[in-house]
Amino acid sequence: DQQVKQNSPSLSVQEGRISILNCDYTNSMFDYFLWYKKYPAEGPTFLISISSIKDKNEDGRFTVFLNKSAKHLSLHIVPSQPGDSAVYFCAARDYNQAGTALIFGKGTTLSVSS
Amino acid sequence: DVKVTQSSRYLVKRTGEKVFLECVQDMDHENMFWYRQDPGLGLRLIYFSYDVKMKEKGDIPEGYSVSREKKERFSLILESASTNQTSMYLCASRRQGAEAFFGQGTRLTVV
């Protein structure tokens with residue numbers, strides 16, 4: 001059963017507008033959430049994270065929001081740029097699980113057109 | 001900067017061959033991971049290791065084994081490669097409580 005869900009396989013946005021990528025999770029023991037960006041034929045790169053004790057974290061154009069009661073997080077990219085076109089993965093950590101492996105969603109492909 | 005290096009970018013192997021994928025990290029991280037990425041399936045955890053000689057199965061360990069003899073090196077072994085193991089393989093490492101850093105990936109094709 002999928003513990004981290006990204007229900008939108010793809011998202012298309014115009015340059016300069018806001019991109020909102022969504023992620024839902026089912027495990028209430030998750031205490032740390034991350035977003036990764038992946039270009040084709042490259043490994044994922046870390047983008048931004050948020051601890052479960054916070055509800056917002058900002059880093060430049062990227063902001064992650066966490067709604068624990070809804071078990072939902074979102075990544076906002078403002079303004080979107082063509083170079084942001086990539087696959088975005090949401091990931092979560094279960095602190096109580098041995099080895100604390102990150103559990104990933106299936107990803108959302110973002111396309112930003114100029 | 002953390003560096004995670006995978007030994008090959010592209011590999012083509014025959015069905016039934018034994019395949020070794022090597023991964024080295026240079027930041028003394030305790031935890032190392034092997035994932036595979038397939039279209040529509042995201043990143044799925046194969047195996048991970050939280051210490052030298054320690055290993056834990058992930059979600060899809062069947063057909064794979066791992067070896068961690070030294071802290072910086074984590075190897076993924078396909079005992080007898082099959083066509084359904086054609087995939088992008090990604091190694092990652094992290095210290096406890098922090099984000100994971102990924103290698104550049106190995107695109108394995110089994111023919």
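Sequence lines set the chain letters: A, B, ... in the order given, protein chains first and strands last, and positions in each chain run from 1.
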Undergrad: With a 4.5 angstrom heavy-atom cut-off, could you sort out which part of B:R9 is near chain A: side chain, backbone, both or neither?
TA: side chain
Undergrad: Tell me, for B:Q37 versus chain A, whether the close heavy atoms (under 4.5 Å) come from the side chain, the backbone, both or neither.
TA: side chain
Undergrad: Measure distances from A:L34 to the heavy atoms of chain B and classify the residue's part below 4.5 Å as side chain, backbone, both or neither.
TA: side chain
Undergrad: If you count heavy-atom pairs under 4.5 Å with chain A, which of B:Q6, B:Q104, B:M88 comes out on top?
TA: B:Q104
Undergrad: Can you find a heavy atom in the side chain of A:K106 that is under 4.5 Å from one in the side chain of A:Q2?
TA: yes
Undergrad: Looking only at heavy atoms, what is the nearest atom pair of A:F33 and A:L73, with distance?
TA: CB-CD1, 3.6 Å
Undergrad: Is there side-chain contact between A:T63 and A:K56, with heavy atoms separated by less than 4.5 Å?
TA: yes
Undergrad: Are B:L78 and B:Y64 close enough that some pair of their side-chain heavy atoms sits under 4.5 Å apart?
TA: yes
Undergrad: Measure distances from B:L90 to the heavy atoms of chain A and classify the residue's part below 4.5 Å as side chain, backbone, both or neither.
TA: side chain
Undergrad: Please name the residue in the list A:S80, A:S19, A:S10, A:S12 that meets the side chain to side chain contact (heavy atoms under 4.5 Å, CB included) test with A:S111.
TA: A:S12
Undergrad: What part of A:A41 lies closer than 4.5 angstrom to a heavy atom of chain B: side chain, backbone, both or neither?
TA: both
Undergrad: For chain B, which candidate among A:P9, A:P44, A:G107 shows the most heavy-atom pairs at distances under 4.5 Å?
TA: A:P44
Undergrad: Do A:W35 and A:F62 make a side-chain contact, defined as non-hydrogen atoms from C-beta onward lying under 4.5 Å apart?
TA: no
